[in-house]
2 protein chains.
Amino acid sequence: MIREPTFLILSAVAPRPSHGYGILKSVEVLSDGRVRLRPGTLYAALDRLVAEGSLVIDSEQVVDGRLRRYYRITDEGVAVLNESIKRLESNIAAAKVQLSSRPGIEFA
Amino acid sequence: MIREPTFLILSAVAPRPSHGYGILKSVEVLSDGRVRLRPGTLYAALDRLVAEGSLVIDSEQVVDGRLRRYYRITDEGVAVLNESIKRLESNIAAAKVQLSSRPGIEFA
DNA sequence: TGACGATACTCCGATAGACGGTATATAACG
DNA sequence: CGTTATATACCGTCTATCGGAGTATCGTCA
């Protein structure tokens with residue numbers, strides 16, 4: 001099962017090719033500030049997702065003397081994300097049923 | 001962030017006190033067979049959740065010469081599960097927005 | 001009778017993903 | 001001129017999970 005940082009990275013890249021630092025900021029926004037990726041987590045995840053075929057390197061640009069490496073999500077990456085969503089939704093539904101069947105209704 | 005096996009373990013124990021092996025089977029049912037916990041994962045997670053205060057040992061019984069240790073979810077455990085649900089729902093909603101804003105609509 | 005599967009817990013080594021931090025470099029801001 | 005923002009690279013550590021072996025009882029079925 002895909003973990004939270006990876007889920008958010010794939011989500012961040014989904015609309016259009018993005019570069020590492022841009023993804024870092026997108027993930028922060030997408031998660032309402034809850035997830036602040038460390039550089040180590042980000043670039044390791046990016047390498048892994050490329051190796052797994054969920055992302056590909058789209059292009060490399062030099063902007064203001066700094067390298068920007070753009071990553072693009074693949075059809076496989078989209079499929080991974082969609083399957084992950086379905087699985088999470090199924091788990092959530094199951095958890096809600098379990099919580100609602102508690103005697104002392106702690107579930108709101 | 002809580003991981004899938006832990007999420008399902010907390011969900012499994014939510015309705016009523018359950019023992020290790022029963023939780024193992026519940027998790028399999030709750031996840032539609034997708035998650036089959038290894039004993040190592042289960043009992044390590046149980047120990048961890050007790051140490052963290054999400055579960056408590058409810059009772060121990062000997063049934064047919066075999067020990068059964070029952071775990072009960074605490075209010076804190078219910079809170080952890082509810083917060084986890086909210087967070088996952090928020091991530092899913094964000095991912096769906098991202099996927100729907102793709103040019104070539106791969107999101108169904 | 002004896003093998004097998006289900007029940008039930010214990011223990012251990014390996015792995016992968018994430019954490020936390022440092023390093024390097026440029027540009028912009030005050 | 002120091003700090004923050006931009007942007008990537010690298011490294012050691014940690015932790016949950018994986019994968020499997022071990023111990024033991026009970027029921028089934030040939």
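So you know, we letter chains A, B, ... as the sequences are listed, proteins then strands, and number each from 1.
- The heavy-atom pair separating Ala12(B) from Ser18(B) by the smallest distance is O-OG, 4.0 Å.
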Tell me which donor-acceptor pairs under 3.5 Å the side chains of residues 26-35 of chain B have, and how far apart each pair is, sequence neighbours excluded?
from, atom 1, to, atom 2, distance (Å)
Ser26(B), OG, Gly22(B), O, 3.1
Glu28(B), OE2, Arg36(B), NE, 3.1
Glu28(B), OE2, Arg36(B), NH2, 3.2
Ser31(B), OG, Val27(B), O, 2.8
Ser31(B), OG, Glu28(B), O, 3.3
Ser31(B), OG, Arg34(B), N, 3.4
Ser31(B), OG, Val35(B), N, 3.0
Arg34(B), NE, Ser31(B), O, 3.4
Arg34(B), NH2, Ser90(A), OG, 3.0
Arg34(B), NH2, Ser31(B), O, 3.4

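- Checked against salt bridge (Lys or Arg N to Asp or Glu O under 4.0 Å), Asp47(B) has no partners two or more places apart in sequence or in another chain.
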Quick one: which protein N/O atoms are closer than 3.5 Å to N/O atoms of nucleotides 18-20 of chain D? Pair and distance per line, please.
from, atom 1, to, atom 2, distance (Å)
dG20(D), O6, Gly40(B), N, 3.3

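- Within a heavy-atom distance below 4.0 Å of DNA chain C, the residues of residues 64-71 of chain A found are Asp64(A), Arg66(A).
- Protein atom NZ of Lys25(B) is 7 Å distant from nucleotide atom P of dA6(C), rounded to whole Å.
- The residue among Arg48(A) and Val63(B) whose nearest nucleotide of DNA chain C lies closer to the 5′ end is Val63(B).
- Residue Leu24(B) contributes atom CG, which lies 13 Å from atom P of dT17(D) at whole-angstrom precision.
- Proximity of His19(A) to the phosphate of dA7(D): a side-chain N or O atom is located under 4.0 Å from OP1 or OP2.
- A distance of 7.5 Å separates OG in Ser54(A) from CD1 in Ile2(A), rounded to the nearest 0.5 Å.
- Rounded to a whole Å, the CZ atom of Phe7(A) is 17 Å from the P atom of dG17(C).
- For Glu60(A) and dA9(D), the CD to P distance is 8 Å, given to the nearest whole Å.
- We find that CG of Leu42(A) is positioned 11 Å from P of dA18(C), with the value rounded to whole Å.
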Output a table of donor-acceptor pairs, distance under 3.5 Å, between side-chain atoms of residues 60-69 of chain A and any protein atom two or more places apart or on a different chain; print 'none' if there are none.
from, atom 1, to, atom 2, distance (Å)
Glu60(A), OE2, Arg69(A), NH1, 2.7
Arg68(A), NH1, Tyr70(A), OH, 3.2

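- Protein atom CE of Met1(A) is 12 Å distant from nucleotide atom P of dA18(C), rounded to whole Å.
- Taken to the nearest 0.5 Å, the CG atom of Asp58(B) stands 13.0 Å off from the NE2 atom of His19(B).
- Computed from coordinates, the Tyr43(B) OH to dC9(C) P distance equals 4 Å when rounded to whole Å.
- Ile92(A) and Val78(B) fall within a single hydrophobic cluster, where Ile, Leu, Val, Met, Phe, Trp and Tyr side chains are chained together by heavy-atom contacts under 4.5 Å.
- The line from CZ of Arg48(A) to OH of Tyr43(A) is 15.0 Å long, rounded to the nearest 0.5 Å.
- Contact between the side-chain N/O atoms of Thr6(B) and the OP1/OP2 oxygens of dT17(D) is found at a separation under 4.0 Å.
- Sorted by first and then second residue, the salt bridge (charged side-chain N to carboxylate O under 4.0 Å, His left out) pairs involving residues 3-19 of chain B (not counting sequence neighbours) are Arg87(A)-Glu4(B).
- Rounded to whole Å, the distance from CG on Leu46(B) to P on dA16(D) is 13 Å.
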